[in-house]
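Keep in mind that this is a model prediction, so the values were computed, not measured.
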Amino acid sequence: MASTSAALVNGLGSTFLTGGNKSQALLSAPVTARVGGAVAPKRFVVVAAAPKKSWIPAVKGGGNFIDPEWLDGSLPGDYGFDPLGLGKDPAFLKWYREAELIHGRWAMAAVVGIFVGQAWSGIPWFEAGAAPGAVAPFSFGSLLGTQLFLMGWVESKRWVDFFSPESQSLEWATPWSRTAENFANATGEQGYPGGKFFDPLGLAGTLKDGVYIPDTEKLERLKLAEIKHARIAMLAMLIFYFEAGQGKTPLGALGL
């Protein structure tokens, strides 16, 4: 009986069944120990992998609609939501995550601006551009041209940097800085540059002897928090658009 139990445990401890050396070492530990001439059973614990979170609560299966095979949970905030299969191509998945970050960050800034702007001026956000003196002393054409030029310059550099990382960290591209290192990608991750310029408060790293050192653990927590807030802000902006179509404002909907 003892030999049969040992054989069974050895079988469970194979790499094929456990899926890794760490689990194999845990399961292949001796199960019996000789205490005072008697054979006493010894406990062993099987550690199961945490189940992947689903974007539909309490539903864990359902094929690629619920748990797409091309989403492995490595992205922050990945809950398997891709019903249209947009991320099947790894290159497109990377681009869509970049786009989600950019849109989410703009949405967070817009939500704050809408609340603060109306609370300060009393003018609804969708009427602010038509208010007297809103674009003065510039004409609408000059304001639009300036915005297109500046945003076009920034977006073109971001586009090039996406396909050729670190290529835009050049001295001539940042003439107001003594060194391009301030604008380099300190974390090495796309969309999260960090560094002295992009993380001046040191929320995701520390500054030691003038050198920015990223903190991986802090960065991972902040990436998850940011993408959650970004998605909420994008949904909030969608609601604001529907409210604006009815002539309502977020503060008005709250009775303020």
Side-chain angles (χ1 to χ4, degrees), residues 55 57 75-79 81-84 86-87 92-162 168 174 176 183 189-195 197-204 219 221-256:
W55 62 279
L75 290 174
D78 175 14
Y79 299 105
F81 181 77
D82 189 12
L84 300 180
L86 300 177
F92 276 108
L93 178 60
K94 184 180 178 182
W95 173 253
Y96 281 126
R97 170 44 62 99
E98 176 90 354
E100 184 181 28
L101 275 176
I102 298 299
H103 284 80
R105 288 166 179 170
W106 276 114
M108 287 189 287
V111 168
V112 175
I114 286 173
F115 277 105
V116 174
Q118 184 178 350
W120 179 267
S121 65
I123 302 175
W125 67 274
F126 49 85
E127 296 179 359
V135 295
F138 307 102
S139 66
F140 177 77
S142 61
L143 184 65
L144 179 62
T146 303
Q147 182 176 357
L148 290 176
F149 173 76
L150 294 177
M151 289 300 298
W153 179 69
V154 173
E155 283 298 300
S156 63
K157 286 179 64 63
R158 186 178 68 84
W159 172 272
V160 174
D161 186 74
F162 180 83
Q168 299 303 295
T174 55
W176 53 84
F183 298 88
E189 298 190 39
Q190 195 75 28
Y192 304 96
F197 181 80
F198 294 101
D199 186 18
L201 300 179
L203 299 178
L219 181 61
R221 291 200 304 266
L222 290 173
K223 286 195 293 186
L224 179 59
E226 182 188 36
I227 199 64
K228 287 182 176 181
H229 285 81
R231 289 166 178 170
I232 292 175
M234 287 188 285
L235 289 175
M237 283 304 305
L238 183 62
I239 295 173
F240 292 173
Y241 291 138
F242 281 115
E243 289 177 342
Q246 302 173 19
K248 299 179 180 179
T249 64
L251 290 179
L254 295 174
L256 301 174

Roughly how far, to the nearest 0.5 Å, is CZ of F92 from CG of L86?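 Those atoms lie 9.5 Å apart.
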
Rounded to the nearest 0.5 Å, what separates atom CG in L101 from atom CD1 in I227?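 So the gap between those two atoms works out to 4.5 Å.
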
Yes or no on side-chain contact (heavy atoms from CB on, under 4.5 Å) for T249 and F240, after CA distance, side-chain angles and deciding distance? CA-CA 7 Å; T249 64; F240 292 173; over 6 Å; no

Do K94's NZ or CZ and the ring of F162 fall within the cation-pi criteria of under 6.0 Å and 45°?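 That pair qualifies as a cation-pi contact.
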
Are the side chains of [Y] and [X] in contact, using a 4.5 Å heavy-atom criterion?
| X | Y | result |
| --- | --- | --- |
| W120 | F115 | no |
| L75 | L93 | yes |
| Y96 | D82 | no |
| M237 | W106 | no |
| E189 | L219 | yes |
| E226 | Y192 | yes |
| L251 | W125 | no |

Heavy-atom closest contact ([X] atom, [Y] atom, distance):
| X | Y | answer |
| --- | --- | --- |
| P250 | I114 | CG-CG2, 3.9 Å |
| G104 | A230 | CA-CB, 3.5 Å |
| V111 | A236 | CG2-CB, 4.1 Å |
| L224 | G77 | CD1-N, 3.4 Å |
| K223 | P76 | CB-CG, 3.9 Å |
| A253 | E243 | CB-OE2, 3.6 Å |

R97 bridged to E100 by N-O distance under 4.0 Å: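 Salt bridge: yes.
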
